[in-house]
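The sequence lines fix the lettering, A, B, ..., with proteins before strands; numbering per chain opens at 1.
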Amino acid sequence: MSFLSDLNPSQREAVKILEGPVIIVAGAGSGKTRVLTYRTARLVQVGVPAYQILALTFTNKAAKEMKERIAQLVGSSSKSIWMGTFHSMFARVLRLESEKLGYGRNFTIYDEQDSLKVVKNVMNAQGISLQQFNPQAIRSRISGAKNRLVGPEEVASQAVDQFDEVSAKVFARYQKAMKRNNAMDFDDLLVLPIHLFEHNKKILNDYQERFRFILVDEYQDTNKAQYVLLKQLAAKYKNICVVGDDAQSIYAFRGAEIRNILDYQVDYPEAKLFRLEQNYRSTKTILAIADSVIKNNVDQIPKNLWTDNQTGEPVAILECADDKDEGIQIAQRILEDIYRLKLDFKDFALLYRTNAQSRSLEDALRKNGIPYTIVGGIEFYQRKEVKDVLAFLRVLTNPLDNESFLRALNCPNRGIGDVTVERLQAFAERKGLSLLDAVHHAAEISHLGARTRGALLWVGDFFKRHQHLKTIMSMSEVSRTMVDELGILRQFKEEGTPDAIARWENVQELLSAISEFSSEHPEANLENFLEEVSLVSDIDNWDDAHNAVTLMTLHSAKGLEFPAAFITGLEEGLLPLFTTVLGNKELEEERRLFYVGITRAMRNLYLSFAGVRYRYGDVTYPSPSRFLDEIGSERIQRITSGKHSSFSGDEFSGTRRSNRRVRAEGSSDYFTDPIPDYENATDTVQSLQVGMTVHHDVFGKGRIVSLSGTGESMKASVEFSSVGRKQLLLKYARLKVV
DNA sequence: ATTAGGCGATTTTTT
DNA sequence: ATCGCCTAAT
């Protein structure tokens with residue numbers, strides 16, 4: 001009981017009642033993780049067997065840290081708590097139960113790229129034009145449907161246009177293809193357990209008994225499937241404790257439903273509600289700013305976040321000439337603050353809306369000798385050469401995995417092209433074989449040249465031999481042997497270009513990751529490694545011990561805190577980001593994202609925007625974000641090009657109109673470019689705006705997603721219902737406003 | 001007839 | 001940095 005004294009009174013209340021449904025509405029920085037940790041520890045302490053506890057976190061990193069903390073509190077028995085992300089925990093359940101669903105235990109987990117390839121394959125096989133129907137759009141339609149637990153039949157019956165009909169058709173085939181490949185996508189990891197539980201009450205009962213106590217972190221970001229899954233599991237004992245903050249719901253774009261947290265007490269009328277409203281993280285100033293921003297959102301649980309912390313310094317707004325200048329100003333600030341506030345590099349975070357923004361920031365940091373690490377962006381496991389090697393390993397563990405086989409087939413190049421692949425696929429289809437089995441029968445496939453046939457047989461033989469080696473060697477030995485025989489390391493080395501050297505390093509790094517994994521988990525097999533690789537997020541790999549400035553997206557920053565944080569690119573079109581039409585719902589999500597960013601900061605917060613920004617290789621002249629107008633002016637300090645001036649109280653919308661003045665005063669080269677005069681333009685092209693519905697002679701109706709460039713080179717990105725997104729040069733496109 | 005390699009276009013956020 | 005398309009090379 002001793003450790004309860006570490007909690008404040010309201011935190012202690014939330015930890016006291018261990019049975020029945022509980023909802024904890026926890027504001028940013030209010031010690032939510034702490035409460036969850038102590039609650040779990042207490043369950044163990046009062047005698048609940050650790051394996052009866054299921055704790056779902058948003059990242060694996062959070063789970064790992066929480067597990068360590070719990071072990072400190074109650075000892076190592078806590079090791080058998082089921083703690084991790086929804087996806088990893090239910091992948092684990094599926095490893096045990098997949099055979100009841102018609103999948104092998106050795107199923108492969110497909111990421112978005114893999115799944116897109118399956119969609120394309122299915123479309124090709126059905127003779128559906130990839131030009132006419134955007135495979136990407138179809139894939140996301142399928143994923144959306146799955147997350148809402150809607151099947152292909154329902155998509156078909158609700159179809160209102162040809163796109164819906166095609167999606168439904170592809171959806172049905174896609175699901176079959178996935179099963180043939182013995183593969184599951186991210187959505188399947190949630191949807192398949194639901195099906196299993198729904199159709200097999202005995203198994204559901206087993207898991208209800210097993211997981212008698214369920215805890216869920218970041219409940220505001222759960223989707224329909226996750227919601228149903230929890231409902232099924234908790235139906236018997238109703239020991240379900242959810243923790244979340246509706247103000248920090250930022251994943252609606254991937255199906256998260258904020259209603260899950262808003263309506264929790266409707267689902268469980270007897271639920272006890274606790275509020276954590278004391279913030280321990282931020283200064284009064286930062287909290288006040290966060291509050292003044294978020295109160296512009298309508299749909300939320302009322303709460304009153306407060307703090308005993310000191311007032312702190314005003315929040316500084318950095319007005320920058322362009323993205324380059326933004327980087328320079330930030331770098332200078334960091335160096336100043338390190339001296340002035342005795343901070344370390346690792347105390348700083350640079351947050352942005354899109355990964356692309358990291359480039360200019362990196363340049364500035366590098367030039368100033370500031371060490372940094374980037375979370376996300378181009379991930380290690382997404383790199384081509386790494387995916388290639390992984391494809392071989394996947395085929396080794398799951399010979400039915402056709403998608404990985406296709407990737408492995410011609411890597412490195414051995415003269416197998418599209419035509420051969422098509423013949424192979426046709427042959428396999430006819431004989432009802434997997435592609436790997438088909439390749440063993442290459443002798444029977446007609447119209448193949450001797451060389452091609454030989455190449456196919458070689459690949460078949462290659463896998464046969466390594467499948468044997470897999471039974472007598474450790475996973476790291478097999479991987480090493482395989483890579484050696486493929487000769488890709490040698491090839492990269494001979495090439496000798498910086499790019500090839502980087503690839504060489506990446507493959508080496510993958511091999512050491514495998515060794516490391518197998519020494520950390522002596523019992524684990526290759527399947528386990530591949531699963532881990534599929535389900536790790538970028539943030540899981542982030543090393544916070546390293547003394548370096550952290551760069552990441554606002555999404556990745558959720559749940560973290562930093563003594564000093566910069567939120568960059570506070571511009572219309574970027575934060576809030578314009579995608580399709582920015583409806584009120586989308587705008588509120590963008591605002592919550594900004595709120596998440598603000599509340600990451602402990603002592604110092606900086607907000608920056610630029611008057612000129614390069615996007616998609618074009619120059620844009622964004623206005624300062626509308627969110628800046630929502631901040632109370634008295635807590636702000638405005639900084640222009642290194643000169644400090646206290647904010648005089650005029651709205652930022654004033655600055656917004658005077659972009660040109662800002663540019664004219666600058667000394668940068670960019671300012672010598674002729675400045676387009678939007679206001680006095682009479683041309684109809686100039687009257688186009690983001691969000692407008694337009695008509696194009698060839699593509700038909702569409703919505704303007706973004707505008708870029710100036711004058712002759714002005715371009716619009718338009719989302720057409722028929723063909724998906726297109727970049728159009730307005731000079732030629734002759735769009736008509738509908 | 002096939003395949004490899006060059007070139008240009010493209011990037012919201014992520015389990 | 002990668003993907004898809006086009007053309008040269010085999």
Please list, chain by chain and in numerical order, all residues satisfying side-chain hydrogen bond (donor to acceptor under 3.5 Å, both in side chains) with [X], sequence neighbours excluded.
X      : value
A:T59  : none
A:S143 : A:D187
A:D188 : A:K146, A:Q175

NA contact type, [X], heavy-atom cut-off 4.0 Å: base, sugar-phosphate, or nothing?
X      : result
A:F86  : nothing
A:R503 : sugar-phosphate
A:S534 : nothing

### Query
Taking the six-membered ring of A:W458, is the NZ or CZ of A:R414 close enough (under 6.0 Å from the centre) and on axis enough (within 45°)?
no
### Query
Is it the case that A:R95 places NZ or CZ above or below the six-membered ring of A:Y103, under 6.0 angstrom from the centre and within 45 degrees of the axis?
no
Ring pair (Phe, Tyr, Trp, His ring centres under 6.0 Å) with [X]: which residues, sequence neighbours excluded?
X      : value
A:Y227 : none
A:F171 : none
A:F427 : none

#### Entry: Flag for A:D401-A:Y110: side-chain donor and acceptor within less than 3.5 Å
yes
### Query
With sequence neighbours left out, what residues match A:K61 under salt bridge (Lys or Arg N to Asp or Glu O under 4.0 Å)?
A:E65, A:D544
### Query
Is A:F253 stacked on the base of B:dT13 when the test is centres under 5.5 angstrom and planes under 30 degrees?
yes
### Under 3.5 Å: donor-acceptor pair, side chain of A:D323, backbone of A:A610
no
### Message
As a test of reading the structure: which of C:dT2, B:dT15, B:dT13 is closest to the side chain of A:E385, going by heavy atoms?
### Response
C:dT2
### Query
How would you list all residue pairs meeting salt bridge (charged side-chain N to carboxylate O under 4.0 Å, His left out) that involve residues 243-253 of chain A, not counting sequence neighbours?
A:D245-A:K303, A:D246-A:K303
Heteroatom pairs (N/O) under 3.5 angstrom, protein to nucleotides 4-7 of chain B:
| residue | atom | partner | partner atom | Å |
| --- | --- | --- | --- | --- |
| B:dA4 | OP1 | A:G415 | N | 2.7 |
| B:dG5 | OP2 | A:N413 | ND2 | 3.2 |

### Message
Measuring to OP1 and OP2 of B:dT15, would you say a side-chain N or O of A:T59 lies under 4.0 angstrom away?
### Response
no
### Message
Looking at B:dT14, I'd like to know if its phosphate oxygens (OP1 or OP2) sit under 4.0 Å from a side-chain N or O belonging to A:N355.
### Response
yes
### Task
Would you please classify the geometry between the A:F594 ring and the A:F627 ring as parallel, tilted or perpendicular, with 30° and 60° separating the classes?
parallel
### Query
Roughly how many Å is it from CG in A:D221 to P in B:dT13, rounded to a whole number?
17 Å
### Message
What is the distance, to the nearest angstrom, from the CG atom on A:D185 to the C1' atom on B:dT15?
### Response
11 Å
If you restrict it to nitrogen or oxygen atoms, what contacts under 3.5 Å exist between nucleotides 3-6 of chain C and the protein, and what is each distance?
| residue | atom | partner | partner atom | Å |
| --- | --- | --- | --- | --- |
| C:dG4 | OP1 | A:K120 | NZ | 2.1 |
| C:dC5 | OP1 | A:Q131 | NE2 | 3.2 |

Name the pairs: protein N/O against N/O of nucleotides 8-10 of chain C, kept only if under 3.5 Å.
none

### Task
Give me the residues of residues 418-426 of chain A where at least one heavy atom lies under 4.0 Å from an atom of DNA chain B, by number, or none.
A:D418, A:V419, A:T420, A:R423
